[in-house]
Amino acid sequence: MSNIEKDLTEQTPTKEEKKKVVALSKREDIIRIENLNFYYNKGKKQALFNINMNIKENSITTFIGPSGCGKSTLLRSINRMNDLVDGAVVDGDIFIYDQNVYDNGVDVAKLRTEVGMVFQKANPFPLSIWENVAYGPKTQGVKNVNVLNQIVQDSLTKAALWDEVKDILNSPALGLSGGQQQRLCIARAVAMHPKILLMDEPTSALDPIATLKVEELILELKKEYTIVMVTHSLTQATRISDMTGYFLDGSLIEYGRTKKIFTSPKDPRTEDYISGRYG
Ligand SMILES: Nc1ncnc2c1ncn2[C@@H]1O[C@H](COP(=O)(O)OP(=O)(O)O)[C@@H](O)[C@H]1O
Ligand SMILES: [Mg+2]
């Protein structure tokens, strides 16, 4: 029985809730993390301990837990961003559909286009708004300006930024507000036609209004993409995610439907964390 089905038998959900849970349980697993251990410093520092986790398509999953518990490490393992860290060692498997991303011969550049990433601090290139979005497709060989224009418009529209920037596409991206820059980074990822978007505390540098805008955008993006995000905001996790994983000291303590995790967690450690008794 899957986590989701277990929830259904354990709770007596409202009709609305039940519909949501059934819809989620019917979706396919897009990411499967199996027995994943992760070490920094050539094995001297273990950061993740035997993580197992399945993630459904077109869902939003949040990773929560105290600072240093391995959330970013796990997120970066999904598109092999950790390969860039000297001395990092991975043991275990991550599948995206049937492809093991750690198989020899996997095209890591292609993997990172399929699994896009958005960081805590918006990091646009010091180029124009247009160039930021067109950059990726250009490196993939798209040269036709009309095609690039269309990609730029579509991506900015999906990132809920088009109306604000359509008249200033040639202006420097670094002149945008923080919230706009973050949505631009989302547009840049979207321009590569990813299947999955990883976001590491994407709103932690934003004010409350910009945060709500990005949250609305993430909810909208779920129709087309699968989103996995780290957040330190528990209210954000409850507002937007379908599934939540609680991490502590490199272990996945509890993983299930967000509603369940926040209303009736099984593990006392989860309970302590969500009720603010941690630390
Ligand atoms: N590049 C690195 N080299 C060595 N240790 C690291 C590196 N990045 C993270 N760590 C360590 O791995 C653990 C998990 O870190 P991280 O995944 O960043 O946690 P979180 O995102 O939950 O705050 C921490 O103890 C952290 O100090
Ligand atoms: Mg982190």
Side-chain angles (χ1 to χ4, degrees), residues 31 33-53 55 60-94 101-102 108 111-112 115-123 178 181-182 185-186 189 196-206 210-211 214-215 218 226-241 243-256 258 261-262 265 267 269-279:
I31 306 172
I33 301 170
E34 296 184 353
N35 306 319
L36 192 83
N37 290 283
F38 187 94
Y39 311 80
Y40 288 108
N41 302 337
K42 297 187 181 142
K44 279 191 224 118
K45 153 93 191 165
Q46 187 163 4
L48 294 172
F49 295 81
N50 200 40
I51 307 294
N52 286 280
M53 189 172 218
I55 292 174
I60 301 176
T61 301
T62 44
F63 295 171
I64 61 167
S67 172
C69 67
K71 305 177 297 294
S72 297
T73 301
L74 182 60
L75 197 72
R76 290 194 304 254
S77 298
I78 299 173
N79 69 347
R80 292 187 52 174
M81 288 290 278
N82 288 323
D83 288 15
L84 308 170
V85 180
D86 230 18
V89 181
V90 184
D91 159 50
D93 298 310
I94 297 183
V101 305
Y102 285 100
V108 178
L111 171 68
R112 295 198 191 123
V115 187
M117 185 128 195
V118 175
F119 298 88
Q120 179 168 6
K121 190 166 178 322
N123 57 347
Q181 288 189 19
Q182 196 56 300
C185 292
I186 293 172
I196 299 167
L197 286 171
L198 308 177
M199 304 192 182
D200 198 346
E201 306 200 24
T203 64
S204 64
L206 304 181
T211 294
V214 171
E215 285 184 8
I218 293 171
T226 303
I227 293 156
V228 186
M229 68 184 264
V230 173
T231 182
H232 67 271
S233 160
L234 301 186
T235 55
Q236 179 165 70
T238 55
R239 275 195 299 268
I240 68 173
S241 70
M243 301 289 286
T244 295
Y246 171 59
F247 293 82
L248 186 63
D249 297 334
S251 293
L252 176 58
I253 303 299
E254 189 163 351
Y255 175 49
T258 298
I261 296 287
F262 283 93
D267 195 294
R269 291 168 293 181
T270 315
E271 168 96 57
D272 283 351
Y273 186 72
I274 59 159
S275 60
R277 280 196 294 269
Y278 177 85

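Atoms within each ligand, like the ligands themselves, are counted from 1 in listed order.
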Going by an N to O cut-off under 4.0 Å, is there a salt bridge joining Arg269 and Asp272? no

For Leu206 and Val214, which heavy atoms make the closest approach, and how far apart are they? CD1-CG2, 3.8 Å

Note on the Mg ion (ligand 2): protein N/O/S atoms within less than 2.8 Å are Ser72 OG

Considering all heavy atoms, the nearest Gly245-Met53 contact: CA-CE, 4.2 Å

Out of Thr235, Thr270, Thr238, which one pairs with Phe262 under the side chain to side chain contact (heavy atoms under 4.5 Å, CB included) rule? Thr238

Which is it for Asn35 and Asp93 under the side-chain hydrogen bond (donor to acceptor under 3.5 Å, both in side chains) test, yes or no, and what are the steps along the way? CA-CA 7 Å; Asn35 306 319; Asp93 298 310; over 6 Å; no

Write 'none' if nothing qualifies; otherwise put on separate lines each N/O atom of ligand 1 with a protein N/O atom under 3.5 Å away and their distance to 0.1 Å.
from     : atom 1 : to    : atom 2 : distance (Å)
ligand 1 : 8 (N)  : Tyr40 : OH     : 3.4
ligand 1 : 17 (O) : Thr73 : N      : 2.9
ligand 1 : 17 (O) : Thr73 : OG1    : 2.5
ligand 1 : 19 (O) : Gly70 : N      : 3.2
ligand 1 : 21 (O) : Ser72 : N      : 2.9
ligand 1 : 21 (O) : Ser72 : OG     : 2.8
ligand 1 : 22 (O) : Cys69 : N      : 3.2
ligand 1 : 22 (O) : Gly70 : N      : 3.1
ligand 1 : 22 (O) : Lys71 : N      : 3.0
ligand 1 : 22 (O) : Lys71 : NZ     : 2.8
ligand 1 : 23 (O) : Gly68 : N      : 2.6
ligand 1 : 25 (O) : Lys45 : NZ     : 3.0

Is there a donor-acceptor pair closer than 3.5 Å between any side-chain N or O of Ser251 and the backbone N or O of Ile253? no

ring-ring contact (aromatic ring centres under 6.0 Å, His included) partner of Phe247, the single match among Phe63, Tyr255, Phe49: Phe63

If you apply the rule side-chain contact (heavy atoms from CB on, under 4.5 Å), what do you find for Thr203 with Gln236, and how did you get there? CA-CA 9 Å; Thr203 64; Gln236 179 165 70; 3.0 Å; yes

So, Tyr246 versus Tyr273, ring centres under 6.0 angstrom or not? yes

